[in-house]
Participant: 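Questions regarding the structure given below will be posed in turn.
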2 protein chains.
Amino acid sequence: MATISHPKLDQIALANVLSALADDTRLAIIRFLADCEDRQAMCGSFLHITTKSNLTYHVGKLREAGVVRVTPEGTRRLISLRRGELDALFPGLLDSILAGIPKGTGETALRELAAEHREVAAASN
Amino acid sequence: MATISHPKLDQIALANVLSALADDTRLAIIRFLADCEDRQAMCGSFLHITTKSNLTYHVGKLREAGVVRVTPEGTRRLISLRRGELDALFPGLLDSILAGIPKGTGETALRELAAEHREVAAASN
DNA sequence: TTCAATGTTCAATGATCATTGAATTAGTCG
DNA sequence: CGACTAATTCAATGATCATTGAACATTGAA
């Protein structure tokens, strides 16, 4: 496989970053990564969220938007937040988003969100 | 038309807000609104960005996500950022996004993009 | 070399998106 | 009333999205 490509700093666009983060699955991923601090996670760390091929898809989105860095290491891929770079480009953005992710986004959250959805849908008209 | 509906605070979800802001047209709109400070803008204020019916669409998106408040006033609709409410829910989010919107997003950008397009089209011949 | 573990690719599906323009509603003023 | 302004609705289009599962590729280790 060709080497994994990442956007350079000047190729990271706000709209793309927002678009990449505008999804519960991907919010769950970066929330997990933020908790990992320095230690890096691999794709398999997120299997509680969704399936493997779906993770490939979502991690790819995050990578292309410049949110995440993916490093091959043996048979795995180590994934880390591009925190410093994002902070430099959009100060405060990542922090405010991480702080705003509802607790439980991901696995268990799916059922909860489904319930919420029904309530909201019912209430909002 | 039935009264215009807006989500309540507890109905404003991060993913929806991000999704609403993940678009250059809508970024241009909120950038304009932020400049307006207290004074409110109407839909017509954005006709330099795109067409009327397209504005209805985008303003609707922003409203449903809870980013913007729309108030009928005579034959117009006054549009304002729900700044205080968003700041309370997601401190720092709106500011960091507003600060990160590239200068020229909107109108002028359209011409630039069109120029780019022509170049690309010309180059691929 | 064979195996198991880890991810990727691909095609298909259904959903949602952004854009367009014509027709329409709604409010205001002469 | 009738003309005017502001904005919405609607249908159509093409694009992109998220999800799924089966088949494939890569690596390290037995």
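Below, chain A is the first sequence line, B the second, and so on; all start at residue 1.
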Participant: In whole Å, what is the span from the CG atom of Asn54(B) to the C1' atom of dT9(D)?
Facilitator: 14 Å
Participant: Can you tell me how far apart CG (Leu21(B)) and NZ (Lys61(B)) are? Round to the nearest 0.5 Å.
Facilitator: 12.5 Å
Participant: Using the side-chain heavy atoms of Thr50(B), tell me which of these nucleotides is nearest: dA7(D), dA18(D), dT20(C).
Facilitator: dT20(C)
Participant: Tell me whether the OP1 or OP2 atom of dT8(D) has a side-chain N or O from Arg77(B) closer than 4.0 Å.
Facilitator: yes
Participant: The side chain of Lys52(A) is closest to which nucleotide in this list: dT8(C), dA18(C), dT20(C)?
Facilitator: dT8(C)
Participant: Between the base of dG7(C) and the side chain of Thr56(A), is there a donor and acceptor pair under 3.5 angstrom?
Facilitator: no
Participant: Report yes if the side chains of Ile79(A) and Thr71(A) come closer than 4.5 Å at any heavy-atom pair, otherwise no.
Facilitator: no
Participant: Among dA5(C), dA18(C), dA18(D), which nucleotide sits nearest the side chain of Asp23(A)?
Facilitator: dA18(D)
Participant: Could you tell me if the side chain of Ile49(B) sits less than 4.5 Å from the side chain of Asn54(B), heavy atoms only?
Facilitator: no
Participant: What's the separation between atom CG in Leu89(A) and atom OG in Ser96(B), rounded to the nearest 0.5 Å?
Facilitator: 12.0 Å
Participant: Hey, is the side chain of Ser53(A) pairing donor to acceptor with the base of dG21(D) inside 3.5 Å?
Facilitator: yes
Participant: Is the phosphate of dA18(C), meaning OP1 or OP2, less than 4.0 Å from a side-chain N or O of Arg26(B)?
Facilitator: yes
Participant: Quick one: is His58(B) getting a side-chain N or O under 4.0 Å of the dT19(C) phosphate, OP1 or OP2?
Facilitator: yes
Participant: How close or far is atom C1' of dA7(D) from atom CD1 of Ile29(B), stated in whole angstroms?
Facilitator: 14 Å
